[in-house]
Amino acid sequence: MSKEITARSADYSQWYNDLVLKGGLADYSAVKGCMVIKPYGFALWEAMRDVLDRKFKETGHQNAYFPLFIPKSFLSKEAAHIEGFAKECAVVTHYRLKNDPNGGGVVVDPEAKLEEELIVRPTSETIIWNTYKDWIQSYRDLPLLINQWANVVRWEMRTRLFLRTAEFLWQEGHTAHATAEEAVAETTQMLNVYADFAEHYMAVPVVRGVKTANERFAGAVDTYCIEALMQDGKALQAGTSHFLGQNFAKAFNVQFSNKENKLEYVWATSWGVSTRLIGGLIMVHSDDQGLVLPPRIAPLQVVIVPIFKGEEQKATIDAKVHALIADLKKLGVSVKYDDSDNNRPGWKFAEYEMKGVPVRIAIGARDIENGVAEVARRDNKTKETLPLEGLGQRIQDLLEEIQQNLFNKAKTYRDEHITRVDTFEEFKQVLDGKAGFVSAHWDGTSETEEKIKELTKATIRCIPLNNPQEEGVCILTGKPSKERVLFARAY
RNA sequence: CGGGGCGUAGCGUAGCCCGGUUAUCGCGCCACAUUUGGGAUGUGGAGGUCGCAAGUUCGAAUCUUGCCGCCCCGACCA
């Protein structure tokens, strides 16, 4: 009816947009490239944020907040860093408006020009390292383990809801360490936190790996990443964790006295995930009926729809439902009883399917008589009639089953879409056919990587961690190679 | 920045070529009634700077010019 969803097979991008808009996650805004995150979408982000925040704290991090604005001169202190971000920075040049003397509303007051322009943060390494300079003097001040939840702005040419917007929400961890070994350990620890979150909460299987020089974060020594595979066979970088070496410490002159009273530059990491994860979540699990959300981060896990004629039936159903709700809440299950009379049951069924609520329970007079309820799973669209007795526990188990099923399904798909190839012909065939990750030998040079990208639009997503070493030859140049890397077309 | 598309009610649209009653239809919204096991039905009703500005004309949603905005596809990117 009013909420037709484009089929994935007809137009994958349109399908994705339909889910975001009609599922009530976000809207386009009056500002080009920026979206409004609606309550349901934000609830999803909050659910993800809560889990991650807990994990950060469990690994010893604390939250803090740094300014939105960064003096222009800060950004240029690390050469590779500014190189990477310069093209997409929003710049504040004035601090005041005034009435247009020609009567055209307000204009920028030319008198109010800033002496030094401010950059709206595209990422906060520079402002943070400028601050750390004052916080770190001794090895006793280390490690410094800070995370920030914030918005950042990257003025992208072309945007897509959640996947790439001019402003987005994220978290960025910035840590300082006394030794390189400790910083590297932090980098991999946080990569594992992300991977664990993706797999156990989002039910999204990921490949852990390290980026090639081409794809590395601007200013990093090494960029570790988790890569996920979408249903259209394209890859999505779902999170990154960077070992920054001493680059930022040197740029901002952050030194500490070690135990031998010698000055040393500190070692740094930074790591982040963004609202982009929501885009990935949608593209991994959802179907042509709408969103499919994994129970562990679904804003709402269970919806109960009563089916009744008249107040009398309603009262009988209410009594049973309230008992069930009490049970579910006791078990930590989030539940909504939609007994509004505005829409009929069929409408509600369709609506909650669109929104991806994992479990729907329908209870009518007929069920009350039989002491049962109809329980419908969103993930595989099956329905079964279950006794009301002990239903709460059964639902809790079912949610866990759904969580597992979503992960297994996504993992099977992902594993079936990692294809080993040994020639460039096969490589192109796979990319244009079944798509997904392509595991192939590469000669290790940036030039070859660039060339392959030019020819096929595929990039090296990562060199997987613990990658088996094997002799081979580069698919493009035929030069010797010691290991396979994962290529894919990516978002 | 290149290519394409679009701007008419909250949303989706017709009308535009070929200017002429009160701007079309559907969804949604409001009221009432009947309904309620897969997106209900009827009756009545509210809602419009036709993106903005200038021009042509007796008359502009419609023609002309300029401007603005958004979306999609590319290059760039999390």
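These numbers come from a predicted model, not from an experiment. To find a chain, count down the sequence lines: A is the first, B the second, and so on, and within it residues start at 1.
Within 3.5 Å, a donor on the side chain of A:R164 pairs with an acceptor on the base of B:C77, or the reverse. Judged by distance alone, with hydrogens and angles left aside, A:N343 brings no side-chain donor or acceptor close enough to the base of B:G39 to form a pair under 3.5 Å.
When the nucleotides B:G39, B:C77, B:A40 are ranked by their closest atom to the side chain of A:R344, B:A40 comes out on top. Picking from B:C76, B:G39, B:G37 the nucleotide with the shortest atom distance to the side chain of A:A350 gives B:G39. Side chain of A:E156, nearest nucleotide from B:G39, B:C72, B:C76: B:C76. Taking the side chain of A:K309 as heavy atoms from C-beta on, and the options B:G39, B:G38, B:U36, the nearest nucleotide is B:U36. The side chain of A:A362 sits closest to B:G37 out of B:G37, B:G39, B:C76. Comparing B:C72, B:A75, B:G37 by their closest approach to the side chain of A:R366 singles out B:G37. With B:G39, B:C77, B:G38 as the choices, the nucleotide that has an atom nearest any side-chain atom of A:F349 turns out to be B:G38. Considering only side-chain atoms of A:P345, the nucleotide from B:U36, B:C77, B:G38 that sits closest is B:U36. Distance from the side chain of A:E374 is smallest for B:G37 among the nucleotides B:C76, B:G37, B:C72.
With both ends at atom P, the span from B:A9 to B:A61 equals 14 Å, rounded to whole Å. Comparing the C1' positions of B:G47 and B:C29 gives a spacing of 9 Å, expressed to the nearest Å. Rounded to whole Å, the separation between the P atoms of B:G55 and B:G15 comes to 29 Å. Comparing B:A54 with B:G12, their C1' atoms sit 31 Å apart, to the nearest whole Å. Rounded to whole Å, the separation between the C1' atoms of B:G5 and B:C77 comes to 24 Å. The gap from the P atom of B:U43 to that of B:G28 amounts to 15 Å, rounded to the nearest Å. Here, B:C63 and B:C25 have their C1' atoms 26 Å apart, quoted to the whole Å. Spacing between B:G51 and B:C68 at atom C1', rounded to whole Å, works out to 8 Å.
Remark: A:F69 pairs with no residue by the ring-ring contact (aromatic ring centres under 6.0 Å, His included) rule, at least two apart or across chains. Among residues two or more places apart in sequence or in another chain, the ring-ring contact (aromatic ring centres under 6.0 Å, His included) test is passed with A:H94 by none.
Between the CG atom of A:N342 and the P atom of B:A40 there is a distance of 13 Å, rounded to whole Å. At whole-Å resolution of the value, CD1 in A:I361 and P in B:G37 are 19 Å apart. At whole-Å resolution of the value, CG in A:D18 and C1' in B:C72 are 13 Å apart. The interatomic distance linking A:E454 (CD) with B:G74 (P) rounds to 17 Å, in whole Å. Here B:C77 presents its C1' atom at 18 Å from CZ of A:F162, a figure rounded to the nearest Å. Spacing between atom CD of A:Q289 and atom C1' of B:G39 amounts to 13 Å, rounded to whole angstrom units. As rounded to whole Å, 18 Å separates atom C1' of B:A75 from atom OH of A:Y491. Straight-line distance from the CG atom of A:D27 to the C1' atom of B:C11: 11 Å, rounded to whole Å.
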Close N or O pairs between protein and nucleotides 7-10 of chain B (under 3.5 Å):
none

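Among pairs with a residue in residues 217-233 of chain A, those fulfilling side chain to side chain donor-acceptor pair (under 3.5 Å) read A:R8-A:Q231, A:K211-A:E227, A:T223-A:H242, A:E227-A:R461, A:D232-A:Y491, at least two apart in sequence or across chains. Note on residues 77-87 of chain A: no pairs pass salt bridge (charged side-chain N to carboxylate O under 4.0 Å, His left out), not counting sequence neighbours.
Within 4.0 Å (heavy atoms only), A:Q14 reaches no atom of the nucleic acid at all. Base engagement by A:F168 is indicated by at least one non-hydrogen atom pair under 4.0 Å involving a base atom. A:K457 comes within 4.0 angstrom of the backbone, heavy atoms only, and of no base. Across all strands shown, A:A365 has heavy atoms under 4.0 Å from base atoms, whether or not it also approaches the sugar-phosphate. The residue A:T223 sits apart from the nucleic acid: no heavy atom pair falls under 4.0 Å. Using a 4.0 Å heavy-atom distance criterion, A:L236 is classed as making no nucleic acid contact. Using a 4.0 Å heavy-atom criterion, one finds that A:R360 contacts the bases of the nucleic acid, with or without backbone contacts as well.
Between A:K87 and B:C76 there is no side-chain polar atom (N or O) within less than 4.0 angstrom of OP1 or OP2. For the OP1/OP2 pair of B:C11 and a distance below 4.0 Å, the side-chain nitrogens and oxygens of A:Y28 include no atom meeting the criterion. Taking 4.0 angstrom as the limit, A:N17 places a side-chain polar atom (N or O) nearer than this to OP1 or OP2 of B:C72.
Between A:F424 and A:F427, the ring center distance clears the sub-6.0 Å criterion. Here the two rings, on A:W271 and A:F56, have centers that are under 6.0 Å apart.
Partner of A:E353 under the salt bridge (Lys or Arg N to Asp or Glu O under 4.0 Å) criterion, out of A:K381, A:K383, A:K348, A:R378: A:K381 alone.
Salt bridge status for A:D432 with A:R489: present, with a side-chain N to carboxylate O gap under 4.0 Å. Salt bridge present: A:D318 and A:K314 bring a charged side-chain N and a carboxylate O closer than 4.0 Å.
Both A:F308 and A:G33 lie close to RNA chain B; mapped to their nearest nucleotides by heavy-atom distance, the more 5′-ward contact belongs to A:F308. Both A:A238 and A:S13 lie near RNA chain B, and the one whose nearest nucleotide falls closer to the 5' end is A:S13.
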Q) Could you spell out the base pairing of RNA chain B in dot-bracket, with Watson-Crick or G-U pairs whose two distances are under 3.5 Å, [ ] crossing and | to another strand? A) (((((((..(((.......[....))).((((((.....)))))).....(((((..]....))))))))))))....
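Side-chain atoms of A:S286 come within 3.5 Å of backbone atoms of A:V292 as a donor-acceptor pair (strictly under, hydrogens ignored). The closest donor-acceptor contact from the side chain of A:N343 to the backbone of A:P345 lies at 3.5 Å or more, if one exists at all. Put simply, the side chain of A:R296 never gets that close to the backbone of A:M202: no donor and acceptor are under 3.5 Å apart.
Figure legend: cation-pi geometry between A:R414 and A:F437 absent, as NZ or CZ is not positioned both under 6.0 Å from the six-membered ring centre and within 45° of its axis.
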